[in-house]
Protein chains: 2
Amino acid sequence: MKATIYDIANKAGVSTATVSRALGDKQETVRPETRDRILQISNQLNYRPNSLAKNLAKSTTSAIGLVLPEIQGDFYTEIVKGVDEIAFSGGYHLIVASSHSRRNIVESLLGFMRESLVDGVILMIPSMNGHLEEVLANYKIPVVIINDIHAFDKYDIVSIDNFQGAYSIINYTIKSLNHSKISMITGPSGNYDSQMRKKGYTAALKDAGITIRKDWIIEGDFTIKGGELACSRILSLKEKPDVIFAANDNMAAGCYNASESLGFKIPEDICIIGFDHIELGNFLRPKLTTVHVPVSEIGKTSTKLLIKRLRNKDDKSIEPQHIKISTGIIIGDSVSKLNN
Amino acid sequence: MKATIYDIANKAGVSTATVSRALGDKQETVRPETRDRILQISNQLNYRPNSLAKNLAKSTTSAIGLVLPEIQGDFYTEIVKGVDEIAFSGGYHLIVASSHSRRNIVESLLGFMRESLVDGVILMIPSMNGHLEEVLANYKIPVVIINDIHAFDKYDIVSIDNFQGAYSIINYTIKSLNHSKISMITGPSGNYDSQMRKKGYTAALKDAGITIRKDWIIEGDFTIKGGELACSRILSLKEKPDVIFAANDNMAAGCYNASESLGFKIPEDICIIGFDHIELGNFLRPKLTTVHVPVSEIGKTSTKLLIKRLRNKDDKSIEPQHIKISTGIIIGDSVSKLNN
DNA sequence: CTCAAAAATGTAACCGCTTACATTTGTTAA
DNA sequence: TTAACAAATGTAAGCGGTTACATTTTTGAG
């Protein structure tokens with residue numbers, strides 16, 4: 001049978017309270033020789049505290065919940081990796097729940113919260129969800145939200161600087177490469193990242209004095225297939241743009257496919273810009289020009305934030321923090337330079 | 001304050017035992033009208049059982065642990081997704097632990113087992129690890145191992161049919177495409193998947209009466225960079241092979257890079273074959289010929305196996321199951337047909 | 001050496017649910 | 001009607017820790 005705290009107390013001739021104190025993290029008042037004796041016996045019996053009992057007694061689980069949207073591709077692996085690494089070094093376990101055919105984000109979240117299964121939650125919200133606000137308001141476990149969203153200002157938020165990323169790369173395309181006929185394939189309409197990327201795009205155009213053409217803004221869905229479809233539509237327009245700015249690399253890859261099958265050469269006939277800088281982009285030919293997003297940084301930062309919150313749970317005074325992760329530009333060969 | 005089972009018992013004028021029975025899963029002996037009353041009050045109070053208390057009382061957690069090797073790329077996302085989906089529908093939570101700079105597989109495993117944090121574990125072991133056997137022997141939580149490994153025959157195992165996959169594609173290359181000068185870039189020497197893929201490769205050659213050249217078997221490390229390096233070495237041999245079989249797609253992608261920079265055209269000057277069929281391969285040009293591995297199937301199958309085990313925990317008689325997930329061939333354009 | 005304060009340890013309730021066993025209530029057959 | 005048995009419910013002891021409060025031991029100033 002597994003050794004319990006009672007066994008140790010017995011063998012050491014002390015009470016369970018003393019054993020608990022000697023073995024606990026917080027520096028408790030135990031005489032050094034007593035502590036040593038307890039530690040030794042504990043080792044000898046190969047004692048491991050039962051975390052279930054500890055959880056119940058302390059109403060705490062040392063676990064962090066990570067709620068992800070429908071998982072696909074590199075992106076999420078990086079997030080999980082970043083979160084896991086920080087969680088682990090902070091002494092937390094990681095419970096993940098991704099939404100899929102049988103479950104949505106809110107359900108995952110509720111599952112965590114209702115059962116007090118985790119001490120805190122990292123929540124990645126790609127787009128607005130009806131019940132979400134209500135759920136968040138009803139349970140008061142610390143939450144860190146990953147997304148570029150302002151409806152949740154009272155929570156800690158970690159977001160990619162989508163606006164800046166899009167603005168920079170479009171600005172570069174205009175100013176340094178002399179382009180002005182730039183179209184965009186957005187993500188799904190409700191998606192926050194997509195919305196901000198679009199704002200960056202329009203702002204850069206506007207600041208450069210370029211009129212925005214609504215017919216050059218096509219809605220995509222962040223998938224490769226979706227990119228293919230949208231690109232085909234753009235390439236069959238009577239008045240074609242010179243550049244397609246896809247709201248993510250997946251769709252940019254779709255553009256490569258469509259261009260290839262429609263006989264458009266990149267970058268001579270059509271230029272492509274992506275967003276995310278996933279591995280895939282490095283293998284597209286010509287190399288994809290895109291916006292670098294430090295994905296695992298997002299996971300790490302949110303976890304750090306959450307853990308800080310958990311460590312100061314009583315101190316309600318700390319203001320919600322909003323951290324923006326900045327992006328960078330990756331210059332590939334998928335956008336040509338125009339001679340003006 | 002959150003409602004407890006006591007509050008319900010009070011309000012309903014029954015004992016906590018009855019409430020517990022009425023609310024529990026197993027069809028207990030409670031009079032219908034009593035059950036109804038309890039259910040009603042439970043709803044009214046918005047009662048949610050405290051899972052921590054339940055865990056302690058039942059010494060069970062309804063959680064499955066998933067231990068992954070160093071996470072990178074598509075592959076693992078698919079596994080997590082598959083596991084999560086099945087775990088969820090079986091009423092289990094998913095706790096993941098990946099090894100990384102600060103932790104290795106055995107540590108993750110120990111963490112789960114020592115603290116009785118999970119009811120069972122799904123363990124992905126890429127290569128032999130000293131303490132592993134010992135750890136597994138010492139704790140008797142149900143374990144499902146994902147890998148092509150025979151040292152652990154007494155556990156449930158789910159494995160990719162690496163041998164068959166490699167054999168088939170090499171055989172196809174020989175028989176249908178008339179190649180005979182086929183080299184291989186393996187994975188890290190200790191890696192089980194790699195070992196079996198190599199066996200499939202050598203068996204196919206041998207069966208076709210082709211002599212195996214040791215100098216055409218180069219060790220790689222499953223990374224893109226590693227593939228690049230190994231490929232360069234092969235391409236600078238005095239006697240070059242016509243085909244390079246990379247033990248995974250990542251390395252195959254590296255081969256593309258190396259071939260490009262050394263001026264070798266695929267498939268005219270050198271042919272490339274991969275393994276895994278990750279998304280990336282679809283974007284290589286020419287399209288990569290590779291072995292399809294149904295990754296999320298692996299996750300799903302192992303989880304089903306584990307849950308079955310957990311549901312029949314007492315029944316020790318069930319023999320360890322060894323399930324092989326079969327692979328398929330994806331024919332791209334990276335291997336030319338020789339006229340013999 | 002004495003005594004008050006500080007340090008160390010002990011006692012036992014508690015976290016909220018489950019469940020073996022005891023008790024009460026209901027049902028059925030003679 | 002009643003004995004015998006089944007069904008429904010109650011009692012209370014866990015599960016294995018934590019911790020408020022009580023008690024004992026140690027320490028050190030006077």
Side-chain angles (χ1 to χ4, degrees), chain A residues 1-39 41-42 45-63 91 113-119 313-314, chain B residues 1-39 41-42 45-63 91 113-119 313-314:
Chain A
M1 211 47 207
K2 273 186 138 182
T4 73
I5 209 170
Y6 286 91
D7 302 327
I8 299 181
N10 257 210
K11 204 151 185 175
V14 296
S15 73
T16 62
T18 304
V19 177
S20 177
R21 286 190 274 252
L23 266 33
D25 320 311
K26 42 188 174 206
Q27 38 357 333
E28 292 261 20
T29 115
V30 179
R31 205 183 339 167
E33 54 260 44
T34 313
R35 166 169 278 129
D36 289 348
R37 186 154 39 95
I38 290 174
L39 248 51
I41 293 174
S42 157
L45 296 182
N46 195 25
Y47 168 76
R48 302 293 162 189
N50 177 320
S51 46
L52 306 185
K54 186 183 288 192
N55 289 349
L56 177 57
K58 304 181 74 159
S59 293
T60 218
T61 63
S62 294
M113 297 196 148
R114 287 203 293 230
E115 302 187 9
S116 340
L117 204 64
V118 295
D119 293 347
K313 205 160 181 181
D314 11 304
Chain B
M1 211 48 206
K2 272 185 138 183
T4 75
I5 209 169
Y6 284 91
D7 302 326
I8 299 181
N10 257 209
K11 204 151 185 176
V14 297
S15 73
T16 62
T18 303
V19 177
S20 176
R21 284 190 274 251
L23 265 33
D25 320 310
K26 40 187 175 204
Q27 39 354 336
E28 291 262 18
T29 116
V30 179
R31 208 186 333 169
E33 53 259 44
T34 313
R35 166 170 279 130
D36 289 348
R37 187 154 38 95
I38 290 174
L39 249 52
I41 293 175
S42 158
L45 297 182
N46 195 25
Y47 168 76
R48 302 291 162 191
N50 177 317
S51 45
L52 307 185
K54 186 184 288 190
N55 289 348
L56 177 57
K58 304 180 72 160
S59 293
T60 217
T61 62
S62 295
M113 296 194 149
R114 286 204 292 228
E115 304 187 6
S116 338
L117 204 64
V118 295
D119 293 347
K313 205 161 181 181
D314 11 305

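Just so we're on the same page: letters track the sequence lines, and every chain starts at 1. These numbers were taken from a predicted model, which means no experiment stands behind them.
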> Roughly, in whole Å, what's the span from CG in B:Asp7 to C1' in C:dC15?
Replying inline: 14 Å
> Looking only at side-chain N and O atoms, does A:Thr18 come under 4.0 Å of OP1 or OP2 in C:dG10?
Replying inline: yes
> Where do B:Arg21 and B:Arg35 come nearest, in terms of heavy atoms and distance?
Replying inline: O-NH2, 3.8 Å
> Within this structure, what is the CD-to-P distance between A:Glu33 and D:dT25, rounded to whole angstrom?
Replying inline: 15 Å
> Taking atom P of C:dA13 as reference, at what distance in whole Å does atom NZ of A:Lys58 sit?
Replying inline: 22 Å
> Rounded to the nearest 0.5 Å, how far does CG of B:Asn55 lie from CG of A:Leu52?
Replying inline: 5.5 Å
> Below 4.0 angstrom from OP1 or OP2 of C:dC17, is there any side-chain N or O of B:Ser20?
Replying inline: no
> Whole Å only: how far is the CZ atom of B:Arg21 from the P atom of C:dA20?
Replying inline: 10 Å
> For the atom pair CZ (B:Arg48) and OG (B:Ser42), what is the distance rounded to the nearest 0.5 Å?
Replying inline: 7.5 Å
> Which whole-number value in Å describes the distance from A:Asn55 CG to D:dG17 P?
Replying inline: 12 Å
> Under 4.0 Å: is that the gap between some side-chain N or O of B:Thr34 and OP1 or OP2 of D:dT9?
Replying inline: yes
>> Taking only side-chain N and O atoms of A:Ser15, does any of them lie within less than 4.0 angstrom of OP1 or OP2 on C:dT11?
In response: no
> For the pair made of CZ in B:Arg31 and P in D:dA6, what is the distance, rounded to whole Å?
Replying inline: 19 Å
> When you measure from the side chain of A:Leu56, which nucleotide among D:dG17, C:dG16, D:dG10 comes out closest?
Replying inline: C:dG16
>> Just the rounded figure in Å: distance from C1' of D:dG17 to CG of B:Leu117.
In response: 15 Å
> Going from CZ on B:Arg37 to NZ on B:Lys11, what distance comes out if it is rounded to the nearest 0.5 angstrom?
Replying inline: 13.0 Å
> What's the CG-P distance between A:Leu52 and D:dT18, to the nearest Å?
Replying inline: 13 Å
> What nucleic acid atoms does B:Thr4 come within less than 4.0 Å of, heavy atoms only: base, sugar-phosphate, or nothing?
Replying inline: sugar-phosphate
> Of A:Tyr6 and A:Val14, whose closest DNA chain C nucleotide lies nearer the 5' terminus?
Replying inline: A:Val14
> Touch check for B:Ser51, heavy atoms < 4.0 angstrom, all strands: base, sugar-phosphate only, or nothing?
Replying inline: nothing
>> Taking the nucleotide of DNA chain D with the nearest heavy atom to each, does B:Pro32 or B:Ala53 sit closer to the 5' end?
In response: B:Pro32
